[in-house]
Amino acid sequence: MNISALLHSQPDFLQCQNCADGRLFKGKRGLNIHIKRCHSKSISASQPAVEIHNFISNSSNDTNFSLFSEQIYNYYRNVPVIKRIPRGARVQLAKALSCTIQNCFTNSENSWQKLFTFAYSHFHFDKTTNKSITSQLKETSFQNLDYPINTHLSRPRPKFDLKKVVESKVMDGDLKNASRILFSDDILAPHNVETLESLRQKHPSVKPSQGLPLPPKTSMQPLQISEKDTLEAIMSFSNGSAGGIDGITPQHLKDLVSASAGDAGGVLLKDITKLCNFMLSGNVNPNFIPFLYGARLCAFKKKDNGIRPIAVGSTFRRLTSKLACRHIISNLKTKFQPTQLGFGTRGGCEAAVHSVRTFLTNSDADVLVKVDLRNAFNSIDRVTLLKEVANNTPEIYHYVWQCYSQNTNLFYENHVIDSAVGVQQGDPLGPALFSLGIQPIISNLKSKLNVWYLDDGTLGGRADDVLSDLTHIFRNFKNIGLEPNSNKCEIFFSNNLSTSHRDILIQNFNHICPGIKTVSTESLYLLGAPLFFDSIKPVLKTKFDQFLNHVDKLYKLNPHIALTILKYCLLVPRFTYLLRSSPVWKCSDILQDIDNNLKIAIEKILNLTLNTTAWTQATLPIKFGGIGVRNLSSVALPAFLASVHSVSDLCNIILNNKVDLCFATEAGQTWQTLCPGENIPLEVNQQKQWDIPLVQGVQKDLFHNFHSDQDKARLLAVSTKESSHWLHALPSSNLGTLLDRDSLRIAVGIRLGAAICQPHQCPCGSSVDKFGLHGLSCKKSAGRFSRHSSLNDVIRRALASINVPSVLEPCGIFRDDGKRPDGMTLVPWERGKALVWDATCVDTLAASHLRGSSFKAGAASEAAELSKWRKYESLRDDYIFVPFAVETIGPWGPRAVKFLKELHPRLVVAAGDKRAGSFLAQRLSIAIQRGNAASVLGTIPRGVGLYDN
């Protein structure tokens, strides 16, 4: 049908007179948007436009998937996609995505291509326009792809700014990737012929000689999941998870199925569940499998100049694989244990290390061999994988057969690499499939010790048995596409062997595994953990050097962000595996050196000097008055005890003998010495239960060593839950929770009792000491009014978010002395009565409150609430009155706490987030800290450089 005939038969189509090919658009709105985007003066002729709808329509009749691969890369490279969906656009975009997913059930190539390009047509924004992102997204959601999208194919990539990228990741809540980017020594491999060839070698294109197994039978019932399962799987994606080549990220799905999307979010969740079930049934159009089950590929350079490929698959594919994993994990856990610990076994690494260390200590084994496989995941035969899935987990065979029965695409820059062999990169099912593939070969070996963590194997026992097993697995591994990496395989000999016997064994093992490396007690490691005490100090020294290199990078960031990364991502988090798997607690001298350097780093980030008492308090957990930066000396022993107790039963099964794990008894006795009179925790597998008695002892010693009521009151106050909310807040300028350098320094200094200024005279005439606490109670405090205003504004906004409008300082309502309350709701709050509140922030350490505060936390705020309760007695009959009292050091009054508990469930319903109440508490706590900082800085006289203007 020509254009004239189409216009005659479809009068709602309009033709663009400015386009040489006379493009058609459905409706006047679509035509106007096209004209504005493509023919506006602001768009240069050198910026070509790509019309996704036209491309899909033209390619769907005569599919050219090579062209589609090129176009989808162009979209990924050139079309900007938003990270988060604004609340105002979620309903419309959820409806649009639901409609697109529903069309996929027709299984046409056109419908799948529309889903694959959905992000680029609906989640993109144009920075050159004056419209808000929300407005632009709403327009795209109504057009349903019947309009062109401008992509500047020559748009240069922005210059990489490490500080900006890391801080942006933190503000998005993606601390893991922020620290990875900041601390990683890996660099992107250059885009050249050598890198491309290395990637091709990592992904061999030779197909297995053996034919594929039969497709799943119609009588075989595929796995089907519920909407609840889908929602849990979507929310299990970590913050900041990247999207595949299609541009849709897990965060997009989180936003669109949240409560803020209304009923449209529920409908979308239902459609996503149907799509996952459709994929689990193996019904995806075969022509589109290379794209849907492919991945976006990037390459990093290793330290040895090798290439490490990283693949990110489609979000819908990863979601479906997650759901499949959750279903089969319990079944495969039983099948794999105790031989394989890499899938389905919690603490598998730790169990392997403790078992092997105990085996070497208590047995009469001749040798221990560590097996390493070359490019294992990308080389294992897919025929083997499919057969094992059919035999062991038939409910996911439909899905896995469709994923692995043909080649898929790996998009590296503008190149497409075939994934024809091995586990597909970016597939969450990968570890399970690989473990299934090698299970028949490694399950019945002669060696006394037989432990595998994915492609890392450990065999131990009599030399003849280990040699026989090594021969067996290498021969059978070759049949499924795996080969040993001989240069990385290691052998350890027992001291019981004579030198001559050892030389003979070296020759025999070299015959089976040429180039196998002999290691000693000082160089024997398993999964990155030292197996003998002699090798612990070198590992600690290496990690210590890494810490020093990493901490230097923190000084370039905003101090609040730097403190957050240090607390959650750098020191203890990076040492946790080593602390749990090895008796590091015995190396007190090295741990003390690391702790001393941690103190220096904290002082530099915060611009504070911490004496011994302040540093001891700082290293306590937040709930006990610290700032959450734990030192290794205090964490090492509880971490090790929790680990050995949590895996002891599994280790006994691995060793086929009930024995005490190495150093477990000694660690328990040391803990009893440090905690005299304390009973062994009931939940021995929880690190917190071993840690709390130690922490409580330190806190108790601190309190008893304080001689002033001021220090006692401060420690009691900062140990309350409410005083610590600001330390849990994500530092984000977008959320208003990012503290500037001075505010953070003063907030931490007041909490720890550190010096925060030089002694000087306040404008009110009083003397201010080095602790600067006079400003918190000064009658001319500069931060009193701003803090009071901020508290009331946060409360008003919280009420507005649950559709309860309110006004500040309402007219017509007065107490007996003529003063007005701070706020009142305009609709009933309870029993038909409006809510009236009055907020105040009293100084915990003021002379008038110190007597009570030094004996009871929150005594000052409780007294302030009682005083306001009496003053507003005349209003209590007609209104619901809430006295909202907080303290400068942090505690809240009992009625303020009760009010927050009443708000919490309403906030959760309105926001669809269980953390909504915590977020409100954090904003209130941040407001208090900012007010404290303003009060302290306000004591500095004008004319000395701070407030010259």
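Predicted model only: the values in this text are computed from it and were never measured. All heavy atoms count here, side chains included; hydrogens, waters and symmetry mates do not. Nothing fancy with the numbering, it's 1 onward along the sequence.
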Worksheet entry | Worked check of side-chain contact (heavy atoms from CB on, under 4.5 Å) between Tyr879 and Trp829 | CA-CA 9 Å; Tyr879 301 94; Trp829 176 257; over 6 Å; no
Worksheet item: Looking at side-chain heavy atoms only, is the closest gap between Val718 and Gln617 below 4.5 Å?
Response: yes
Worksheet item: Do we see a donor-acceptor contact under 3.5 Å between the side chains of Arg751 and Ser724?
Response: yes
Discussion item. Between Thr616 and Thr613, is there a side-chain donor-acceptor contact under 3.5 Å, judged purely by atom types and distance?
Written reply: no
Worksheet item: Looking at side-chain heavy atoms only, is the closest gap between Leu571 and Val551 below 4.5 Å?
Response: no
Discussion item. Tell me whether Lys176 at atom NZ has more than 12 heavy atoms from other residues, nucleotides or ligands lying less than 6.0 Å away.
Written reply: no
Item to complete: State, to 0.1 Å, how close Lys856 and Glu862 come at their nearest heavy-atom pair, and which atoms those are.
Response: NZ-OE1, 3.0 Å
Discussion item. Ignoring hydrogens, what is the shortest heavy-atom contact between Lys169 and Ala178? Give both atom names and the distance.
Written reply: CB-CB, 3.6 Å
Worksheet entry | Verdict with reasoning, Val629 to Leu563, per side-chain contact (heavy atoms from CB on, under 4.5 Å) | CA-CA 9 Å; Val629 181; Leu563 178 65; 4.0 Å; yes
Fill in: Passing candidate, salt bridge (Lys or Arg N to Asp or Glu O under 4.0 Å) with Arg84, options Asp172, Asp174, Asp255
Asp255
Worksheet entry | Residues, nucleotides or ligands: over 12 heavy atoms within 6.0 Å of Glu830 CD | yes
Worksheet, complete the sentence: Distance col, row Leu554:CG vs Leu570:CG, nearest 0.5 angstrom, shows 6.0 Å
Item to complete: Could you tell me whether the side chain of Leu907 reaches within less than 4.5 Å of the side chain of Phe919, counting heavy atoms only?
Response: no
Worksheet entry | Student check: side-chain heavy atoms of Arg796 and Leu808 closer than 4.5 Å | yes
Worksheet item: Rounded to the nearest 0.5 Å, what separation is found between the CE atom of Met824 and the CG atom of Leu799?
Response: 12.0 Å
Practice prompt. Starting at CG of Leu606, measure out to CD1 of Ile746 and round the result to the nearest 0.5 Å.
Written response: 12.0 Å
Item to complete: For His252 and Thr249, indicate whether the former's side chain and the latter's backbone hold a donor-acceptor pair under 3.5 Å.
Response: yes
Discussion item. Between Asn792 and Phe884, is the side-chain contact (heavy atoms from CB on, under 4.5 Å) condition met? List the steps.
Written reply: CA-CA 10 Å; Asn792 285 305; Phe884 195 93; over 6 Å; no
Worksheet entry | Sidechain-backbone polar pair: Lys553 side chain, Leu182 backbone, donor-acceptor under 3.5 Å | yes
Worksheet item: For Phe785, does its backbone N or O pair with a side-chain atom of Ser789 as donor and acceptor, under 3.5 Å?
Response: no
Discussion item. Please report the interatomic distance CG(Leu566) to CD1(Ile602), rounded to the nearest 0.5 Å.
Written reply: 4.5 Å
Worksheet entry | Main-chain N/O of Ala896 paired with Glu865 side-chain donor or acceptor, under 3.5 Å | yes
Discussion item. I'd like to know if the side chain of Lys599 and the backbone of Leu610 have a donor-acceptor N/O pair within less than 3.5 Å.
Written reply: yes
Practice prompt. State whether the side chain of Arg895 and the backbone N or O of Pro883 hold a donor-acceptor pair below 3.5 Å, judged by distance alone.
Written response: no
Practice prompt. Have a look at Glu887 and tell me which of Thr720, Thr840, Val842 forms a side chain to side chain contact (heavy atoms under 4.5 Å, CB included) with it.
Written response: Val842
Practice prompt. Can you see which heavy atom on Leu738 is nearest to which on Ser733, and at what distance?
Written response: CB-N, 3.7 Å
Discussion item. More than 12 heavy atoms of other residues, nucleotides or ligands under 6.0 Å from OH of Tyr555: yes or no?
Written reply: yes
Practice prompt. For Asp838 and Asp822, indicate whether the former's side chain and the latter's backbone hold a donor-acceptor pair under 3.5 Å.
Written response: yes
Item to complete: State whether the side chain of Arg745 and the backbone N or O of Leu608 hold a donor-acceptor pair below 3.5 Å, judged by distance alone.
Response: no
Fill in: Non-hydrogen atoms of Gln687 and Val635 that approach each other most closely
NE2-CG1, 3.5 Å
Worksheet item: For residues Ser260 and Ser258, is any side-chain donor paired with an opposing acceptor at under 3.5 Å?
Response: yes
Discussion item. Looking at every non-hydrogen atom in both residues, tell me the closest pair between Leu256 and Ala261 and how far apart they are.
Written reply: O-CB, 3.3 Å
Item to complete: Would you check, one step at a time, whether the test side-chain contact (heavy atoms from CB on, under 4.5 Å) holds for Gln251 with Lys83?
Response: CA-CA 7 Å; Gln251 188 61 57; Lys83 295 181 180 179; over 6 Å; no
Practice prompt. Specify the closest pair of heavy atoms between Ser853 and Thr844, including all atoms of both residues, with the distance to one decimal.
Written response: OG-O, 3.3 Å
Discussion item. Looking at Ser867 and Ala863, would you say the former's side chain and the latter's main chain have a donor-acceptor pair under 3.5 Å?
Written reply: no
Discussion item. Please check this pair: side chain of Asp769 against backbone of Gly772, looking for a donor-acceptor N/O pair closer than 3.5 Å.
Written reply: yes
Item to complete: On the 0 to 90° scale, with breaks at 30° and 60°, tag the His560-Trp726 ring pair as parallel, tilted or perpendicular.
Response: tilted
Worksheet item: Do Asp711 and Arg714 sit within salt-bridge range, that is, some charged N less than 4.0 Å from a carboxylate O?
Response: yes
Worksheet item: Between Asn932 and Arg787, do the side chains contain an N or O donor and an N or O acceptor separated by less than 3.5 Å?
Response: yes
Discussion item. Which residue is it: Leu739, Asn558, Thr564? I am looking for the one with a side chain to side chain contact (heavy atoms under 4.5 Å, CB included) to Pro731.
Written reply: Thr564
Worksheet entry | Inter-residue atom distance Ile622.CD1 - Arg630.CZ, 0.5 Å rounding | 10.5 Å
Discussion item. Can you confirm whether Leu924 sits close enough to Trp892 that some side-chain heavy atom of one is under 4.5 Å from a side-chain heavy atom of the other?
Written reply: yes
Item to complete: Using the salt bridge (Lys or Arg N to Asp or Glu O under 4.0 Å) rule, take Lys712 and Asp709 through it: C-alpha gap first, then chi angles, then the decisive distance, then the call.
Response: CA-CA 5 Å; Lys712 292 181 179 180; Asp709 289 343; 5.1 Å; no
Practice prompt. Taking the six-membered ring of Phe237 (Phe, Tyr or Trp), confirm whether the NZ or CZ of Lys254 is under 6.0 Å from its centre and within 45° of its axis.
Written response: no
Discussion item. Measuring only between side-chain heavy atoms, which start at C-beta, is Leu269 closer than 4.5 Å to Ile234?
Written reply: yes
Discussion item. Do Gln699 and Ser719 pair up side chain to side chain, a donor and an acceptor below 3.5 Å, judged on atom types alone?
Written reply: yes
Worksheet item: Would you find more than 12 non-hydrogen atoms of other residues, nucleotides or ligands less than 6.0 Å from Asp263 atom CG?
Response: no
Response to the item:
When rounded to the nearest 0.5 Å, the distance separating NZ of Lys163 from NZ of Lys556 is 11.5 Å
Worksheet item: With side chains defined as the heavy atoms from C-beta onward, is the minimum distance between Glu722 and Val886 less than 4.5 Å?
Response: no
Item to complete: Would you check if His550 and Arg574 make a side-chain contact, meaning some heavy-atom pair closer than 4.5 Å?
Response: yes
Worksheet item: Is the number of heavy atoms from other residues, nucleotides or ligands under 6.0 Å of Arg851 CZ greater than 12?
Response: no
